[in-house]
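Read through the structure below, which is laid out as structure tokens, and then see the notes.
Here is how names work: the chains are called A, B, and so on, in the same order as the sequence lines, proteins then strands, and each is numbered from 1. Here the structure is a predicted model, which is why all the values come from computation and not from measurement.
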2 protein chains.
Amino acid sequence: MSFTRAVLPEHIDAEFKVGESPQHHRGELRLWLRLLTVANLIEAEIRKRLRERFGTTLPRFDLMAQLERAPEGIFLGELSRRMMVSNGNVTGLVERLVQEGLIERQVSERDRRAALVRLTDHGHTVFAEMARAHSDWVAELLSQLTAEEQKALWSKLGDLKLSVHAATQPRAEAGTTEEDR
Amino acid sequence: MSFTRAVLPEHIDAEFKVGESPQHHRGELRLWLRLLTVANLIEAEIRKRLRERFGTTLPRFDLMAQLERAPEGIFLGELSRRMMVSNGNVTGLVERLVQEGLIERQVSERDRRAALVRLTDHGHTVFAEMARAHSDWVAELLSQLTAEEQKALWSKLGDLKLSVHAATQPRAEAGTTEEDR
DNA sequence: GCGAAATAGTTTAAGATTAAAAGAACTCGT
DNA sequence: ACGAGTTCTTTTAATCTTAAACTATTTCGC
């Protein structure tokens with residue numbers, strides 16, 4: 001009886017941090033903390049595996065993932081928007097990926113401020129391999145959920161996403177055209 | 001009819017990135033992408049507000065939140081574990097917060113390697129104000145969900161958390177003692 | 001055409017983050 | 001006590017990140 005509780009008091013997550021506010025919005029905080037914790041847990045695992053098996057990082061992988069869907073190339077600004085990171089950030093990432101020969105930059109003829117980036121052939125090859133592994137990893141991490149549970153969770157997260165958008169973007173009350181797939 | 005679709009093709013999220021893998025684990029990827037996107041959306045908004053209104057950052061806030069629950073102080077290692085970040089990271093954060101007079105370090109007498117950190121009086125005061133605002137912000141961002149929806153989402157995220165743990169921690173098949181509240 | 005304003009990217013300064021190596025102090029067996 | 005091994009923390013080198021300032025270029029009003 002005794003050691004059930006004593007053996008591993010571990011599992012002291014970030015979630016352990018709840019309770020800031022006296023009583024007010026406890027449920028919301030708890031939900032947010034858990035969401036954050038789970039996302040971090042998965043992200044950390046994926047980062048670790050990307051580093052160990054491919055010697056790369058999540059931001060680089062994400063950038064390449066964006067490029068893969070746009071064979072004709074993407075301008076840096078558009079890339080920045082899609083990745084939801086700053087322009088300066090993209091500048092640096094692109095620099096390193098060009099260095100590694102995975103992507104290439106090409107200044108636009110019609111607008112010499114703008115530059116298009118796209119995967120090189122080598123980049124395509126490398127990314128294909130990484131994407132396969134990445135996909136498998138995610139599936140592995142979520143494997144305890146049934147397809148139905150996944151679907152339900154996905155749907156509820158959609159509601160949450162709408163709630164966040166509603167609270168952060170005062171505008172656009174019309175049909176939001178969720179480009180979501 | 002025509003402009004319903006044309007007006008705002010916006011909302012090009014990180015979620016726009018799905019579809020890496022040909023067919024394999026599409027559902028899982030989609031779920032993970034949405035989870036990540038939502039978490040990032042909320043986190044970005046909170047970071048922004050913390051910076052704008054309090055001139056601070058999320059990691060500093062998180063660190064203080066941990067300390068607030070431990071009036072007697074916490075050792076750096078324990079802090080690192082609870083925040084789920086590296087030791088070196090904590091070293092730097094603590095440095096800056098000490099600099100700002102919000103927390104204090106105290107080398108342990110019994111073990112001169114270890115140092116206890118705790119909030120200063122000023123730190124307590126400042127944190128209380130930030131925590132209240134933070135709590136309100138989170139509640140605001142989640143406000144479109146009913147209490148029931150929140151609860152359901154929280155529960156499903158718990159299942160997901162278990163799934164991730166199962167896939168990342170090969171050990172401990174016994175009662176996992178989820179220190180979760 | 002001209003100059004103002006807008007746009008695309010880069011640079012800069014500061015911070016956050018990690019893994020790996022190093023330093024310092026403690027524990028324990030003998 | 002002695003030294004091996006462990007533990008707590010810091011340091012280091014690299015990357016990622018952002019906001020703000022800056023450069024170069026384009027667009028637009030007139």
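We find that CZ of A/R60 is positioned 12 Å from P of D/dA14, with the value rounded to whole Å. Across the protein-nucleic acid pair, A/R110 atom CZ and C/dA8 atom P stand 12 Å apart, rounded to whole Å. A straight line from CZ of A/F61 to P of D/dT15 spans 20 Å, rounded to a whole angstrom. Atom pair A/R81:CZ and D/dT18:P shows a separation of 15 Å (rounding to whole Å applied). In this structure, the CE atom of A/M84 is 17 Å from the P atom of D/dC16, given to the nearest Å. The distance between atom CG of B/L58 and atom C1' of D/dT18, rounded to the nearest whole Å, is 14 Å.
Atom CD of B/E52 sits in a crowded spot, with more than 12 heavy atoms from other residues, nucleotides or ligands closer than 6.0 Å.
Using a 4.0 Å cut-off between a side-chain N of Lys or Arg and a carboxylate O of Asp or Glu, A/R132 and A/E129 do not qualify as a salt bridge. Taking a cutoff of 4.0 Å between a charged side-chain nitrogen and a carboxylate oxygen, A/E104 and A/R118 qualify as a salt bridge. Under 4.0 Å is where a charged nitrogen must lie from a carboxylate oxygen, and between A/R96 and A/E100 no such pair does.
Nearest heavy-atom pair across A/L145 and B/S163 is N-OG, 4.3 Å. The two atoms that bring A/P59 and A/R47 nearest to each other are CD-NH1, 3.9 Å, heavy atoms only. Annotation for A/F127 and A/A65: closest pair CZ-CA, 3.4 Å, computed over non-hydrogen atoms.
Closest to the side chain of A/V85, out of D/dT18, D/dC16, C/dT18, is D/dT18.
Look at A/R96 and you'll find a side-chain N or O under 4.0 angstrom from OP1 or OP2 of D/dC16. Between A/R112 and C/dA8, a side-chain N or O to OP1/OP2 separation shorter than 4.0 Å is absent.
Nucleic acid contact class of B/L93 (heavy atoms, under 4.0 Å, all strands): sugar-phosphate only. The residue A/T57 sits close only to the backbone: its heavy atoms come under 4.0 Å of sugar-phosphate atoms, none of a base. Looking at heavy-atom distances under 4.0 Å, B/S80 makes no contact with the nucleic acid at all.
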I'd like a table of atom pairs between the protein and nucleotides 9-13 of chain C - only N or O on both sides, under 3.5 Å - with the distance next to each one.
from	atom 1	to	atom 2	distance (Å)
C/dG9	OP1	A/L76	N	3.3
C/dG9	OP1	A/A115	N	2.9
C/dG9	OP1	A/A115	O	3.2
C/dG9	OP2	A/G77	N	2.6
C/dT10	OP1	A/R105	NH1	2.6
C/dT10	OP1	A/R105	NH2	3.2
C/dT10	OP2	A/T91	OG1	2.7

Q | Working for side-chain contact (heavy atoms from CB on, under 4.5 Å), residues A/E149 and B/D159 | A | CA-CA 9 Å; A/E149 288 175 315; B/D159 297 337; 4.1 Å; yes
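Alongside A/V107, the hydrophobic cluster contains no other residue (criterion: ILVMFWY side chains under 4.5 Å).
Of the residues in residues 45-56 of chain A, A/R51 come within less than 4.0 Å of DNA chain C through at least one heavy atom, sorted by number.
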